[in-house]
**Q** 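Please find one structure pasted underneath; my questions will follow.
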Amino acid sequence: MYKFLNRDTFTEFIDDTMATEFISLDAETSSLDTLSCKFYLFQVMVNKQVYIFNAEEEGQELFTKIIDFIQSSGKTIIAHNAKFDLKVIYRFSNILLTNVFDTMIVEAVVNNGNRVKWASLAELAEAYALVLLSKEERQEFYAEDFDGVITNEMYTYACQDVMYLETIRNCQMERAEELKLTRVIDLEMKLVPVITSMEITGVLIDEKKWRQLEIIAREESEKCKNTLIDFFIEKVRIGDADSALEVVDTVKIKDINGKKNATGRVSVRKALELITDKDAIIDFFRTNLNVNSGSQLLVLLNRSGIPVKATNEKVLKKYRSKHVAVDMLLTYREWGKKISTYGLTFLESVHPKTGRIHSDFNQMGTQSGRFSSSKPNLQNIPAEKAYRECFIARKGYKIVAIDYSQQEYRLAGDISKDAVIIESYKNKVDMHTSTACILYNLKPEEVVKEQRNHAKTMNFAILYGTSDYGLAKTLGVTENEANAMKMKIINGYPRLFKHKEMMEEFVVNAKKSRTLLGRIRFFKTEDVYFDYEKAMAQIRREGYNHLIQGTAADMTKLAMLYVYNENPYGDKLRMLMPEHDEIVAEVKEDILDEGYGFICDMMIKAGDFFMKNIETVVEGTKGDCWTK
DNA sequence: CCAAATGGCGCC
DNA sequence: AAAGGGCGCCATTTGG
């Protein structure tokens, strides 16, 4: 069934490879951490023959020869979640394979909107090749008690991981051609090695600075929390025993973890009943109230005369100036977020071997075609200077960060061919100023900051279909006023909104939306059995958003491809992170200016590929750290 | 007891 | 009653 790939069979392997169009491959390792895992097996199917390379027995030299040959053969490499295999192969051969077909990514592209989560190899094998793959045997490589001795059974099961890739690929491409998705797939596939290389590169963080921020956050958070609890204690009159007990009955304070007594826990009420001293009662609440608990907060706020039904920022904002506690709570939450998400746990992502953070960038992580980022998420780092500053360049390098100026608004204007928007951008007037002009009957130079900010909110809301109700809430005006302002803007950009309306109509009928590159997002309408109108309204919003946000994603992805493929500076210029409309890179000092200009050029080239009526504008920074 | 859901909030 | 698109992560709560 399979042959071992070694010195004796290498020529045979070469012959089989030359006789076929595709190379299906997979790697077995001791863990998912490609920077520190052991490398056990490399399975490869060529010309219907599976070869297995035992890495520990055959060694790195032969492996490098094999990979070098595969790379130079120019054949298409098929893998499921290719990023993983590419990283393993790179680590043990120093060759980053290109010309990849990733069945996992392609599945996400051809079924975007139909899928619930990632399709596993087993699921695809079942769907396309009608075979059932067993799972347990593959887990053996990860097992704690695996002693490195690979059994015949394990070899046999390892074959399954490459045997059906070609069939899966062929079925997917058939579907891709029917759906006219080949251009999107071409872009996504060319991007796979680009993302892989970015993940291998990682990004450097100033840990010392980061820790300092955590300390500050801790101190500030503690202060807020104390003030907050004191406020509640006073307002809710916890001081006297009766109201204290009443509070305990309504506020769902968690039972106290006991120290190995019979139940393991102590009822809060019972514990409190034993306390009569006023100061002790107050102290009891100080230690047992949890202001991180939404349900406790809700009761406490309500009893303090703040009649909210939720405790989120949007709801609380109204009371911010009226009640000190509300302001304090929101501030407390800000600090809390910094401790939990952006605190010391974040630094656990620094890899011990490289000293850098190697996030996962998922190129099909969103329904719109945008990237997502995880472990850690590098796409939601606080925008404030103190945090961005912690992202630094390696010695001799600088950080370059360039973003598209008003990427989505320009696209919306360009796609709809709205004359007002086109004219505005031609005159270097941005969309928010332009909207402010419409709203307040002004000339661009007369618009003041506050008016522009107002317009900005409106633009964002209207482009993505906020209801009058939502808009009124955001702006703090009545629904009628909100509607009047909305109509004024709609009339100010007649073509934009006519086009939007048209696209939404199309999406609802076609049950799918397409970006300029052709990227599809499917919508389900058949399982809508209640509130049909609401469901359709949602599809309209998501569909139009897909057109704009998705085309923007196409643009950024194309730009990244240009940067990678046309990079004349080699390792002196490396991309680090995709930030939706921004590319962050590490550039060696001696080519800093040229490198910066080069990335700008590539981004503009990608922008101009999509936009024919409106100029692509990029802006950015270069320096020791990441800045806006 | 742990896994999934929920509420909340960081970013573009 | 809810009422703007796209995410991921955290702490708490819920449910099996």
Side-chain angles (χ1 to χ4, degrees), chain A residues 112-113 217 252-255 264 290-298 308-317 329-330 332-343 345-346 348-349 359-384 387-388 401 403-404 406-409 412 457-475 479 482 486 500 504 513 521 530-531 533-535 537-553 556 577-584 626 628:
Chain A
N112 187 24
K252 283 195 276 174
I253 300 178
K254 253 197 172 165
D255 287 351
N290 184 358
V291 280
N292 290 329
S293 160
S295 58
Q296 289 187 30
L297 267 179
L298 217 49
V308 287
K309 290 192 172 62
T311 74
N312 63 59
E313 197 183 339
K314 211 172 179 179
V315 171
L316 289 176
K317 232 167 50 187
L329 173 58
L330 291 173
Y332 169 75
R333 289 240 181 94
E334 279 176 36
W335 291 117
K337 184 82 177 172
K338 282 168 182 166
I339 298 167
S340 60
T341 304
Y342 306 109
T345 47
F346 192 89
E348 285 168 16
S349 299
S359 170
D360 284 348
F361 295 113
N362 185 347
Q363 64 191 86
M364 281 302 293
T366 71
Q367 304 258 324
S368 64
R370 271 188 178 184
F371 279 91
S372 71
S373 161
S374 60
K375 294 183 284 180
N377 185 348
L378 293 179
Q379 291 178 326
N380 68 346
I381 304 298
E384 57 196 279
Y387 282 84
R388 295 285 166 113
D403 68 272
Y404 283 107
Q406 303 208 326
Q407 190 186 28
E408 291 189 12
Y409 294 113
T457 309
M458 299 287 302
N459 276 338
F460 185 65
I462 295 176
L463 195 59
Y464 298 128
T466 309
S467 62
D468 291 346
Y469 174 89
L471 188 58
K473 276 211 150 180
T474 313
L475 294 172
E479 254 178 79
K486 191 174 88 177
K500 179 167 178 270
E504 289 172 346
S513 168
R521 174 174 175 179
F530 69 97
D531 217 337
E533 289 303 313
K534 192 179 160 185
Q538 187 174 345
I539 290 175
R540 292 167 81 98
R541 287 195 304 271
E542 290 172 349
Y544 183 72
N545 177 262
H546 178 256
L547 169 65
I548 305 298
Q549 189 185 102
T551 304
T556 306
M577 307 182 259
E579 298 281 335
H580 306 305
D581 64 343
E582 175 185 3
I583 295 174
V584 182
W626 183 20
K628 275 271 101 187

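So you know, we letter chains A, B, ... as the sequences are listed, proteins then strands, and number each from 1. Note that the coordinates shown come from a computational prediction; the quantities given were computed from them, not determined experimentally.
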**Q** Looking at A:Ser467, I'd like to know whether one of its side-chain N or O atoms comes within less than 4.0 Å of OP1 or OP2 on C:dG4.
**A**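 Yes, A:Ser467 has a side-chain N/O under 4.0 Å of OP1/OP2 on C:dG4.
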
**Q** Select one nucleotide: of C:dG5, B:dC9, B:dG10, the one nearest the side-chain heavy atoms of A:Arg370.
**A**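 Of all the options, the side chain of A:Arg370 is nearest to C:dG5.
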
**Q** Can you tell whether the side chains of A:Glu504 and A:Lys500 come within less than 4.0 Å, N to carboxylate O?
**A**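 Between A:Lys500 and A:Glu504 there is a salt bridge, with a charged N closer than 4.0 Å to a carboxylate O.
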
**Q** So if I take every side-chain heavy atom of A:His580 and compare against C:dC9, C:dT13, C:dG6, which nucleotide ends up nearest?
**A**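 Of the options given, the side chain of A:His580 lies nearest C:dG6.
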
**Q** Categorize A:Lys628 for me: base, sugar-phosphate, or nothing, with a 4.0 angstrom heavy-atom threshold over every strand shown.
**A**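 Sugar-phosphate, backbone atoms only, no base.
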
**Q** Would you tell me if any nitrogen or oxygen in the side chain of A:Arg541 comes within less than 4.0 Å of OP1 or OP2 on C:dG4?
**A**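 Negative; the distance criterion is not met.
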
**Q** Can a side chain N or O of A:Asn312 be found less than 4.0 Å away from OP1 or OP2 on B:dG8?
**A**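 Yes.
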
**Q** Between C:dC9, B:dC11, C:dG5, which nucleotide has the shortest distance from any of its atoms to the side chain of A:Arg388?
**A**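 Of the candidates, B:dC11 comes closest.
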
**Q** Which part of the nucleic acid does A:Lys473 contact within heavy-atom distance under 4.0 Å: base, sugar-phosphate only, or nothing?
**A**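 It contacts nothing in the nucleic acid.
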
**Q** When you get a sec, tell me which of C:dC10, B:dG10, B:dC12 is the closest nucleotide to the side chain of A:Asp581?
**A**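 When the side chain of A:Asp581 is considered, B:dC12 is the closest of C:dC10, B:dG10, B:dC12.
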
**Q** Tell me, with the steps shown, if A:Trp626 and A:Ile381 meet side chain to side chain contact (heavy atoms under 4.5 Å, CB included).
**A** CA-CA 11 Å; A:Trp626 183 20; A:Ile381 304 298; 4.2 Å; yes

**Q** Expressed as a whole number of angstroms, how long is the span from A:Lys337:NZ to B:dG7:C1'?
**A**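 Checked: the NZ to C1' distance equals 11 Å.
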
**Q** Side-chain N or O of A:Arg521 less than 4.0 angstrom from OP1 or OP2 on C:dG6?
**A**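 A:Arg521 to C:dG6 OP1/OP2: side-chain N or O found under 4.0 Å.
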
**Q** I'd like to know if A:Thr466 reaches the base of C:dG4 with its side chain, counting only an N/O donor and acceptor under 3.5 Å.
**A**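 Such a pair exists between side chain and base.
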
**Q** Provide, to the nearest angstrom, the distance between the NZ atom belonging to A:Lys338 and the P atom belonging to B:dG8.
**A**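 Atom NZ in A:Lys338 sits about 20 Å away from atom P in B:dG8.
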
**Q** Can you figure out which of B:dG10, C:dC10, B:dC9 approaches the side chain of A:Tyr342 most closely?
**A**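 Taking heavy atoms from C-beta onward, the closest nucleotide is B:dG10.
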
**Q** With a non-hydrogen cut-off below 4.0 angstrom, is A:Glu582 in contact with a base, only sugar-phosphate, or nothing?
**A**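 Nothing, no heavy atom under 4.0 Å.
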
**Q** Out of curiosity, A:Ser373 OG to A:His580 NE2, how far, rounded to the nearest 0.5 Å?
**A**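 It is 8.0 Å, given to the nearest 0.5 Å.
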
**Q** Phosphate oxygens OP1/OP2 of C:dT12: is one of them under 4.0 Å from a side-chain N or O of A:Asn292?
**A**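 Yes, within the criterion.
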
**Q** Has A:Arg333 got a side-chain N or O lying under 4.0 Å from the OP1 or OP2 atom of B:dG8?
**A**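 A:Arg333 to B:dG8 OP1/OP2: no side-chain N or O under 4.0 Å.
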
**Q** With respect to the phosphate group of C:dG4, does any side-chain polar atom (N or O) of A:Lys534 fall under 4.0 Å of OP1 or OP2?
**A**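 For C:dG4, neither OP1 nor OP2 has a side-chain N or O of A:Lys534 closer than 4.0 Å.
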
**Q** Expressed as a whole number of angstroms, how long is the span from A:Phe361:CZ to C:dG8:P?
**A**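 Going from CZ in A:Phe361 over to P in C:dG8 covers 13 Å.
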
**Q** Nearest nucleotide by nearest heavy atom, which residue falls closer to the 5' end of DNA chain C, A:Asn362 or A:Asn545?
**A**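 Result of the comparison: A:Asn545.
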
**Q** I want to check one thing: is the phosphate of C:dT12, taken as OP1 and OP2, less than 4.0 Å away from some side-chain N or O of A:Asn290?
**A**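 So the side chain of A:Asn290 is within the cut-off, an N or O lying under 4.0 Å from OP1 or OP2 of C:dT12.
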
**Q** Main chain of A:Gly550, side chain of A:Arg370: is a donor-acceptor contact present, judged purely on distance under 3.5 Å?
**A**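 No, the answer is negative, given that no donor and acceptor are paired below the 3.5 Å cut-off.
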
**Q** For the pair made of OH in A:Tyr332 and C1' in C:dA11, what is the distance, rounded to whole Å?
**A**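 It works out to 10 Å between those atoms.
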
**Q** State whether A:Ser295 places a side-chain N or O below 4.0 Å from either non-bridging phosphate oxygen (OP1 or OP2) of C:dT13.
**A**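 The answer is yes; a side-chain N or O of A:Ser295 sits under 4.0 Å from OP1 or OP2.
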
**Q** Would you mind reading off the distance between A:Glu533 atom CD and C:dA2 atom C1', rounded to a whole angstrom?
**A**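 Distance check: A:Glu533 CD to C:dA2 C1' gives 15 Å.
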
**Q** Return the nearest nucleotide to the side chain of A:Ala461; candidates are C:dG4, C:dG6, B:dC11.
**A**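 Taking heavy atoms from C-beta onward, the closest nucleotide is C:dG4.
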
**Q** Out of B:dC11, C:dG6, C:dC10, which nucleotide sits closest to the side chain of A:Ala383?
**A**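 Per side-chain heavy atoms of A:Ala383, the pick is B:dC11.
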
**Q** Taking A:Thr366 for the side chain and A:Phe371 for the main chain, is one N or O donor matched with an acceptor at less than 3.5 Å?
**A**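 Answer holds: no.
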
**Q** Roughly how many Å apart are B:dA5 and C:dG4, using the C1' atom of each and rounding to a whole number?
**A**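 Approximately 23 Å lies between the C1' atom of C:dG4 and that of B:dA5.
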
**Q** Does C:dG6 have its OP1 or OP2 closer than 4.0 Å to a side-chain nitrogen or oxygen of A:Ser372?
**A**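 Checking C:dG6 against A:Ser372, no side-chain N or O comes under 4.0 Å of OP1 or OP2.
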
**Q** Does A:Glu582 pair with A:Lys628 as a salt bridge, N-O distance under 4.0 Å?
**A**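 Yes, charged N to carboxylate O under 4.0 Å.
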
**Q** Check the distance between B:dG10's P and A:Glu579's CD and give it to me in whole angstrom.
**A**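 From A:Glu579 CD to B:dG10 P: 17 Å.
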
**Q** So what does A:Gln407 touch, heavy atoms closer than 4.0 Å: a base, only the sugar-phosphate, or nothing?
**A**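 Nothing, no heavy atom under 4.0 Å.
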
**Q** With heavy-atom distances below 4.5 Å as the criterion, would you say the side chains of A:Gln296 and A:Val291 are in contact?
**A**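 Side-chain contact under 4.5 Å: no.
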
**Q** Could you give the CD-to-P distance, from A:Gln379 to C:dG6, as a whole number of Å?
**A**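 Rounded to whole Å, this separation is 15 Å.
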
**Q** Is there a donor N/O on one and an acceptor N/O on the other, under 3.5 Å, for the side chain of A:Gln549 and the base of C:dG6?
**A**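 Result: no qualifying N/O pair found.
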
**Q** Taking the minimum atom-to-atom distance to the side chain of A:Ser293, which one of C:dT12, C:dC9, C:dG4 wins?
**A**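 Nearest to the side-chain atoms of A:Ser293, counting from C-beta on, is C:dT12.
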
**Q** What's the closest nucleotide to the side chain of A:Leu330 if the choices are C:dA11, B:dC9, C:dG6?
**A**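 The listed nucleotide nearest to A:Leu330's side chain is B:dC9.
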
**Q** So does A:Asn377 reach the base of C:dG8 with its side chain, donor to acceptor, closer than 3.5 Å?
**A**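 Side chain to base: no pair below 3.5 Å.
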
**Q** Once you round it to whole Å, what is the distance between C1' of B:dG10 and CE of A:Met577?
**A**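 Whole-Å distance recorded here is 15 Å.
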
**Q** Any sub-3.5 Å donor-acceptor pair from A:Gln549's side-chain atoms to A:Ser368's backbone N or O?
**A**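 Answer holds: no.
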
